[in-house]
Enquirer: 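This is the structure I have questions about; it appears just below.
The first residue of the sequence shown is numbered 1, and numbering continues consecutively from there. Counting convention: from 1, in listed order, for ligands and their atoms alike. These figures come from a predicted structure and were not determined experimentally.
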Amino acid sequence: MRLPVDRWNPEAEIIARAARALREGRLVAFPTETVYGLGADGLDEAAVRAIYRAKGRPSDNPLILHLADVAGAERVAFVDDRARRLMDLFWPGPLTLVLPARCGVVPAVTRGGLETVALRMPSHPVALALIEAAGLPVAAPSANRSGRPSPTEAEAVEEDLGEAVAIILDGGSTDVGVESTVVDATGPSLLLLRPGALPLERIEETEGVVDLPRKGEGRRSPGTRYRHYAPDRPLLLWDETLQWESLQGAVGYIGIEAPSRPVAVEVRFRTVEDYARGLFSALRHLERSGVDLIVAQWPRREGLGLALRDRLLRASGRG
Ligand code: TXA
Ligand code: MG
C-alpha cells in the first residue's frame, strides 16, 4: 500500500503505522536523501530474509543498518575515535561506514556472513522519523529488484516490488539520486568501497587520502561483484571511443551536452548534480520509451561525477 507523506513534516499517524509494521517483521519502503530503501527490522532474521527474497538478492551481499543516532551505532558495532569523528562530520547524511560488528547483536544474515556491519544515519526527515518511531536499526538496501536501477520515486518501488512490501511511504522524489558513499573503516587506512552521494573530496578534506580498492583485492564490497543498475537494453558510454555513425536503431540519450547526432529520445541535465538526481529514473523512462539502445555521457571524475561513472560503468556491463 502506498501512503503519501509530507516530506518535511511527516504525519505522526502514518509514521506510527509504518513503524508498527517494521516491529511486526514486515517490509516498509521509505525515502532517504539518496534513493528509496526497502526496510525491515535489522535484528530480526526472518524479516531480513524477507528483504533478500523480495529483491531476489544473493544472500552474501550484506545490508546497511539505518540508525537515528550515534548511540544506535554503538549498540550494533564497535565505534572507534576515527569513526566517531566521521559520524560527527557527516551524519546525518549519505556516508555509510563499515565497522566491526557486535556479532552477538547483529544476525549473520544482515551482515551477509561477514564480521563487519555497514551503518548509516540518513538525513531525510521521513527516514529519520521512521527509524526513531520503530526504535530499532532498520536494515535497508535500495528498494529495487536486484540488478535493476535504484528507485528514486515511490512509483519505481511499486513497479519492482509491489506486493512484497506492506507499506510504501511516498515522499516524492529523492534529493541526491545516487546511493550513499560506502567507506570501510575497519583497517589502518580508510577504503572507498562504493563512490556515492557524499563526494570523496569532502572526506579527504579532513581524513587525507582514502584508498581505492585494487582489482581482485580482498577488502571489497560484496555488492560490487554483481551486475547492477542495469536497464533492460544495451547502454553505451559516450567517450572518445564511441562511434556515433555506426549506432543502429532508435537511440536514447542521457547526458549534459547535446548528443553528436539526432536521437529518438533525449534526457538532458544542466549540471552533474542534476544528472545524478535524474539518472536512474531516466534509465527507467528510456526503457519504457522503446529505444533499442542507450548512450550516456561519461562525466568528469570529480564530485558526484565519480559515483555517476561507477553506476554508468556497471549499467554498461563493463564495471
Ligand atoms: O544510499 C544508500 O546507501 C541506500 C539507501 C536505502 O540507504 N542503500 C543502499 O543499499 O544502497 P544497498 O544494499 O543497495 O547497497 C549497500 C552496499 C552494497 O554494495 C553492499 O555490498 C555494501 O553496501 N555493504 C553492506 N555491508 C557491507 C559490509 N559489511 N562490508 C562491505 N560492504 C558492505
Ligand atoms: Mg542497491
Enquirer: Is Arg111 in contact with ligand 1, taking contact as a heavy-atom separation below 4.0 Å?
Expert: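 Heavy atoms of Arg111 never come under 4.0 Å of ligand 1.
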Enquirer: List every atom of ligand 1 that sits less than 4.0 Å from any heavy atom of Ser142, numbering the atoms from 1 in the order shown and giving each element.
Expert: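 Going through ligand 1 atom by atom, the ones under 4.0 Å from Ser142 are 8 (N), 9 (C), 10 (O), 12 (P), 14 (O).
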Enquirer: N/O/S of Ser142 less than 2.8 Å from the Mg ion (ligand 2)?
Expert: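 Given the 2.8 Å cut-off, Ser142 counts as a ligand of the Mg ion (ligand 2).
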Enquirer: Which of the atoms in ligand 1, numbered in the order shown and given with their element, are less than 4.0 Å from a heavy-atom of His66?
Expert: 5 (C), 6 (C), 7 (O)
Enquirer: In this structure, which one of Val182, Ile203, Asp211, Thr181 forms a side-chain contact (heavy atoms from CB on, under 4.5 Å) with Leu192?
Expert: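 For Leu192, the side-chain contact (heavy atoms from CB on, under 4.5 Å) check succeeds only for Thr181.
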Enquirer: What pairs with Gln243 under side-chain contact (heavy atoms from CB on, under 4.5 Å), at least two apart in sequence or on another chain?
Expert: Glu245, Ser246
Enquirer: For Asn61, counting its heavy atoms only, list the atoms of ligand 1 lying under 4.0 Å from any of them.
Expert: 18 (C), 20 (C), 21 (O)
Enquirer: Applying ring pair (Phe, Tyr, Trp, His ring centres under 6.0 Å), can you list everything that pairs with Phe269, at least two apart in sequence or on another chain?
Expert: Tyr275
Enquirer: Closer than 4.0 Å to some heavy atom of Thr116 - which atoms of ligand 1 meet that?
Expert: 28 (C), 29 (N), 30 (N)
Enquirer: Which atoms of ligand 1 sit under 4.0 Å from any heavy atom of Gly37?
Expert: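 In order of number, 6 (C).
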Enquirer: Check if Ala140 has a non-hydrogen atom at a distance under 4.0 Å from any atom of ligand 1.
Expert: yes
Enquirer: Using the rule given for side-chain hydrogen bond (donor to acceptor under 3.5 Å, both in side chains), can you reason through Thr96 versus Ser180, listing the C-alpha separation, both sets of side-chain angles and the distance that settles it, and then say yes or no?
Expert: CA-CA 6 Å; Thr96 294; Ser180 63; 2.7 Å; yes
Enquirer: How does His124 reach ligand 1, if at all, at less than 4.0 Å between non-hydrogen atoms: by side chain, backbone, both, or neither?
Expert: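 Neither part.
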Enquirer: Is the backbone of Asn144 close enough, under 3.5 Å, to the side chain of Lys55 for a donor and an acceptor to pair up by distance?
Expert: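 Flag set: sc Lys55 to bb Asn144 pair under 3.5 Å.
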Enquirer: Which of the numbered atoms in ligand 1 are below 4.0 angstrom from a heavy atom of Ile64?
Expert: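 Answer for ligand 1: 3 (O), 8 (N), 9 (C), 10 (O), 16 (C).
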Enquirer: Atoms of ligand 1 less than 4.0 Å from Leu114 heavy atoms?
Expert: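 What qualifies from ligand 1 is 28 (C), 29 (N), 30 (N).
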Enquirer: Could you tell me which atoms of ligand 1, counted from 1 in the order shown, lie closer than 4.0 angstrom to a heavy atom of Leu193?
Expert: 31 (C), 32 (N)
Enquirer: Honestly, is Arg120 close enough over Trp91, meaning NZ or CZ under 6.0 Å from the six-membered ring centre and within 45° of the axis?
Expert: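 Verdict for Trp91: no cation-pi partner in Arg120.
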Enquirer: Which heavy atom of Leu22 sits nearest to which heavy atom of Ala40, and what is that distance?
Expert: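 Scanning both residues completely, I find the closest heavy atoms to be CD2-CA, 3.7 Å.
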Enquirer: Consider ligand 1: state whether an atom of it lies below 4.0 angstrom from any non-hydrogen atom of Glu33.
Expert: no
